[in-house]
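One-based numbering, in listed order, for ligands and for the atoms of each. The analysis underlying the following values was restricted to heavy atoms, covering all of them including side chains, and did not include hydrogens, waters or symmetry mates.
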Amino acid sequence: MKAITVEPKKPGTARYEDFPEPDVHAGSVLVEAVAVGVCGTDVEIVEGKYGWAPPGKTRLVLGHESLGRVIDPGPNSSLKKGDLVVGIVRRPDPVPCANCAVGEWDMCRNGQYTERGIKEIHGFMSERWRIEPEYAMKVDPSLGILGVLLEPMTVITKALEQVFVVGQRAFWEPKTALVTGAGPIGLLAALRLSARDIEVHVLDRVETGLKPELVRALGATYHSGSVLDLGFSPDVIVECTGVGSVIADSIRQIGAGGIICLTGVGAGGIASLTVADNAAAVVLKNNVVVGSVNANKRHWYRAGQNLARADRKWLSRLITRREKPENFKEALERRPDDIKVVIQFSEI
Ligand code: BGC
């Protein structure tokens with residue numbers, strides 16, 4: 001079969017190549033790939049900045065935002081041939097730490113977790129892949145290709161859960177939420193926040209085009225420019241850019257008692273405040289800055305329900321480009337009008 005593979009930490013090594021059929025030890029469910037979403041993490045891996053091959057191997061099959069069709073459900077699953085499934089990304093560490101031991105692999109304490117297509121386990125950018133039945137999430141068949149949005153939806157389902165759990169530390173009635181960054185994660189955050197009794201604002205660099213349209217279609221308010229020019233202090237900020245100055249501005253602009261959830265992974269940048277200034281702002285306003293990564297099965301289950309309930313027309317506008325596997329390099333390019341680019345392996 002063919003797969004998109006890379007030698008992690010070595011830029012320029014990604015290729016679409018012949019690759020052995022998936023190992024039976026990878027799971028008893030055999031799946032035909034339908035589509036795989038591309039995200040910033042994939043770009044980082046291809047640029048040689050992130051990623052780990054499986055132990056003893058040099059190359060890693062890329063891809064963690066999957067959608068596939070069951071070819072063979074194997075002996076121990078309730079799945080049927082033809083079911084649409086998405087593979088859970090993370091596996092608990094082998095020790096296991098206390099969080100992994102209770103199924104909270106997203107909160108792994110010792111960093112020895114593994115992740116498909118990212119850390120030590122092959123991903124889903126291959127014509128066929130295998131998965132353990134308990135890590136295969138069945139998706140509503142009426143979602144079709146939109147099932148590929150399940151993984152990003154799990155990330156935001158966890159992030160918002162964190163925000164609302166932290167909110168319970170005191171009397172809290174959030175009225176306004178700001179999402180920074182109108183990429184797939186930011187837009188899905190806006191979608192989920194707009195389902196609540198809360199005024200939703202989204203900020204991004206672009207001034208026109210699909211992003212503002214999608215935000216307005218949710219009944220939310222779109223802003224371009226600086227967080228400091230919003231004209232109000234949000235109760236919740238879901239930060240989806242990973243950009244240093246946006247994070248620093250968010251800390252300055254958040255309302256008293258407000259919660260900032262960081263979901264973006266960035267690097268460097270010029271902070272507009274020093275660390276102690278940031279800390280003082282957080283102290284004096286009782287703020288919580290909470291980081292959120294990955295998702296456990298509870299989030300996957302809820303995200304599946306949320307995706308199935310979402311407006312299909314709106315969701316379908318998030319997928320702005322579909323590329324063939326042989327054109328994966330184009331899929332990894334960031335073009336101005338892109339929101340979610342997917343690599344399509346087979347028809348649906
Ligand atoms: C993935 C997560 C993963 C994280 C860190 C993200 O792109 O969506 O599942 O935990 O990268 O590797």
Side-chain angles (χ1 to χ4, degrees), residues 4 6 8-9 14 35-54 60-67 85-93 96-97 99-100 103-125 129 131 135-137 147-162 181 183-189 192 238-243 261-267 290-304 306-307 318-319 331-332 334 338-343:
I4 300 167
V6 63
K9 308 275 165 56
V36 185
V38 173
C39 88
T41 303
D42 301 308
V43 175
E44 285 201 349
I45 296 172
V46 167
E47 288 176 348
K49 296 178 187 153
Y50 197 63
W52 298 262
L60 170 77
V61 176
L62 201 61
H64 60 278
E65 298 185 6
S66 61
L67 175 68
V85 288
V86 175
I88 291 180
V89 177
R90 195 175 277 200
R91 298 292 175 277
D93 77 77
C97 75
N99 289 71
C100 285
E104 291 184 354
W105 51 71
D106 58 317
M107 303 294 286
C108 180
R109 299 278 187 94
N110 62 22
Q112 292 180 49
Y113 64 83
T114 52
E115 287 180 338
R116 293 203 61 162
I118 301 173
K119 189 169 181 274
E120 297 167 22
I121 341 177
H122 288 314
F124 302 106
M125 286 187 189
W129 40 269
I131 191 152
Y135 290 98
M137 299 299 294
V148 78
L149 298 171
L150 180 57
E151 197 277 344
M153 185 64 116
T154 67
V155 167
I156 214 62
T157 302
K158 174 185 171 179
L160 294 183
E161 182 191 83
Q162 295 290 302
I185 296 287
L187 288 167
L188 289 173
R192 292 306 305 149
V238 183
E239 207 298 301
C240 306
T241 70
V243 174
C261 184
L262 305 178
T263 68
V265 183
V290 57
S292 179
V293 69
N294 198 258
N296 66 40
K297 207 158 187 178
R298 177 174 74 249
H299 310 120
W300 278 84
Y301 183 76
R302 285 200 181 135
N306 293 340
L307 199 65
L318 296 184
I319 301 181
L332 290 160
R334 290 173 177 174
D338 284 337
I339 295 180
K340 176 57 71 186
V341 178
V342 305
I343 300 179

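In summary, the atoms of ligand 1 found under 4.0 Å from a heavy atom of Glu151, numbered by their order in the structure, are 1 (C), 2 (C), 8 (O), 9 (O). The Arg90 neighbourhood of ligand 1 comprises atoms 10 (O), with distances under 4.0 Å to a heavy atom of that residue. The ligand atoms of ligand 1 that sit less than 4.0 angstrom from a heavy atom of His64 are 1 (C), 7 (O), 8 (O).
Within the 3.5 Å criterion, the main-chain N or O of Trp52 finds no donor-acceptor partner in the side chain of Lys9. The main-chain N or O of Thr157 is never found under 3.5 Å from a side-chain atom of His299 such that the two would form a donor-acceptor pair.
With a 4.0 Å heavy-atom cut-off, ligand 1 is reached by the side chain of Cys39 but not by its N, CA, C or O. Heavy atoms of Glu65 found under 4.0 angstrom from ligand 1: none, in either backbone or side chain.
Nearest protein heavy-atom neighbour of atom 10 (O) of ligand 1: Glu115 OE2, 2.5 Å. Counting protein heavy atoms only, atom 4 (C) of ligand 1 is closest to Val293 CG2, 3.9 Å. From the protein, the heavy atom lying nearest to atom 9 (O) of ligand 1 is Asn294 ND2, 2.9 Å.
Between Val89 and Trp300 there is a side-chain heavy-atom pair separated by less than 4.5 Å. Under the 4.5 Å side-chain criterion, counting only non-hydrogen atoms from C-beta, Asn294 is not in contact with Tyr113.
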